[in-house]
Amino acid sequence: MVVGSGVTGVEFVHMFSSFGAQVTLIVSRQQVLPSKDPEVAAALENELLSRGVRLFKGARAETIELTEKGVAVGCDDGRVALGSHALLAIGSVPNSDGLGLEEAG
């Protein structure tokens, strides 16, 4: 399972599905790549669906639990995705502490 439908999340979904893994992509909005062109996003979604990727669109992940059978990701709309692993690709935060950026202006 991949949580996050930006560029990084979609790249991982594509890679894992290319390796033959059954993948679920949890998309908090109504399309993958929400900040990109809607036509391109729709074409990409169709490609992912043709590979067998399950899309949970409009589902914001709220919980991740380790179970006896693997990992369960609970979404705000009540759906639960089950799998062996969960990858979080929901954004990045710069790691700039200690670089002295404040002193450099």
Side-chain angles (χ1 to χ4, degrees):
M1 296 171 292
V2 176
V3 179
S5 60
V7 173
T8 303
V10 170
E11 286 176 348
F12 275 106
V13 169
H14 188 270
M15 179 184 66
F16 293 143
S17 65
S18 293
F19 292 156
Q22 181 79 31
V23 183
T24 300
L25 175 59
I26 300 174
V27 181
S28 64
R29 303 208 184 135
Q30 291 304 314
Q31 72 175 41
V32 299
L33 302 176
S35 62
K36 306 300 180 196
D37 183 276
E39 287 183 46
V40 173
L44 180 59
E45 284 182 18
N46 288 335
E47 170 64 21
L48 294 176
L49 290 170
S50 73
R51 291 170 166 262
V53 173
R54 291 182 356 164
L55 293 178
F56 279 28
K57 290 170 48 171
R60 182 175 297 275
E62 289 189 325
T63 62
I64 299 177
E65 296 180 28
L66 188 58
T67 69
E68 291 179 8
K69 296 182 179 181
V71 180
V73 177
C75 300
D76 62 352
D77 62 1
R79 289 184 280 180
V80 176
L82 303 172
S84 61
H85 296 79
L87 176 97
L88 299 180
I90 53 174
S92 60
V93 177
N95 184 10
S96 58
D97 291 343
L99 294 179
L101 296 178
E102 295 79 20
E103 292 82 17

Exercise for review: Give a yes or no on whether Ile64 and Leu87 share a hydrophobic cluster (residues Ile, Leu, Val, Met, Phe, Trp, Tyr; joining criterion: side-chain heavy atoms under 4.5 Å apart).
Suggested key: no
Practice item. Enter the distance from Glu11:CD to Phe16:CZ here, rounded to the nearest 0.5 Å. Key: 11.5 Å
**Study point:** Heavy-atom pair of closest approach, residues Leu33 and Gly6
**Key:** CD2-C, 3.6 Å
Exercise for review: Apply side chain to side chain contact (heavy atoms under 4.5 Å, CB included) to Thr63 and Val73, showing your working.
Suggested key: CA-CA 6 Å; Thr63 62; Val73 177; over 6 Å; no
Check your understanding: What closest approach, in Å, do Ala59 and Arg79 show between heavy atoms, and which atom pair accounts for it?
Key -> CB-NH2, 3.5 Å
Exercise for review: For Glu39, look at atom CD and say whether over 12 heavy atoms of other residues, nucleotides or ligands are found less than 6.0 Å away.
Suggested key: no
**Study point:** Any donor-acceptor N/O pair, Lys57 side chain to Gln31 backbone, under 3.5 Å
**Key:** no
Check your understanding: If every non-hydrogen atom of Arg51 is compared with every non-hydrogen atom of Ser17, which pair is closest and at what distance?
Key -> NH1-OG, 3.2 Å
Check your understanding: For Leu99, what are the other residues in its hydrophobic cluster, where any two members join if their side-chain heavy atoms are less than 4.5 angstrom apart?
Key -> Leu101
Review point. Near Arg29 CZ, under 6.0 Å, is it more than 12 heavy atoms from other residues, nucleotides or ligands?
Key: no
Review point. Are Leu25 and Val71 in one and the same hydrophobic cluster, where Ile, Leu, Val, Met, Phe, Trp and Tyr link if side-chain heavy atoms are under 4.5 Å apart?
Key: no
Check your understanding: So how far is it from Asp97 CG to Glu102 CD, rounded to the nearest 0.5 Å?
Key -> 8.0 Å
Exercise for review: First locate atom CG of Leu44, then atom CG of Asp37, and finally report the distance between them rounded to the nearest 0.5 Å.
Suggested key: 11.5 Å
Check your understanding: Honestly curious: do Val53 and Val2 fall in one hydrophobic cluster under the side-chain, below-4.5 Å linking rule?
Key -> yes
Review point. Can you get from Val10 to Ile90 by hopping between Ile, Leu, Val, Met, Phe, Trp and Tyr side chains that sit under 4.5 Å apart?
Key: no
Practice item. Answer whether the closest heavy-atom distance between the side chains of Ser5 and Pro34 falls below 4.5 Å. Key: yes
**Study point:** Atom pair CD/NE2 of Glu47 and His14 - distance to nearest 0.5 Å
**Key:** 6.0 Å
**Study point:** Hydrophobic cluster (4.5 angstrom, side-chain heavy atoms) - remaining members for Val93
**Key:** none
**Study point:** Shortest non-hydrogen contact between Thr67 and Ala72, atoms and distance
**Key:** CG2-CB, 4.0 Å
Check your understanding: Out of curiosity, does Leu66 fall in the hydrophobic cluster containing Val3 (side-chain heavy atoms, cut-off under 4.5 Å, transitive links)?
Key -> yes
Review point. Could you give the distance from CG (Asp77) to CD (Glu62), rounded to the nearest 0.5 Å?
Key: 9.0 Å
Review point. Would a 4.5 Å heavy-atom cut-off, applied to side chains only, mark Leu82 and Lys69 as touching?
Key: no
Practice item. Can you measure from OG1 (Thr24) to CE (Met1) and round to the nearest 0.5 angstrom? Key: 7.0 Å
Point to revise | pair Val7-Lys36: side-chain heavy atoms closer than 4.5 Å | key: yes
Check your understanding: Any chance CZ of Arg60 has more than 12 other-residue heavy atoms, nucleotides or ligands included, within less than 6.0 Å?
Key -> no
Review point. At their closest point, which heavy atom of Cys75 faces which heavy atom of Ile26, and how far apart are they?
Key: SG-CG2, 4.0 Å
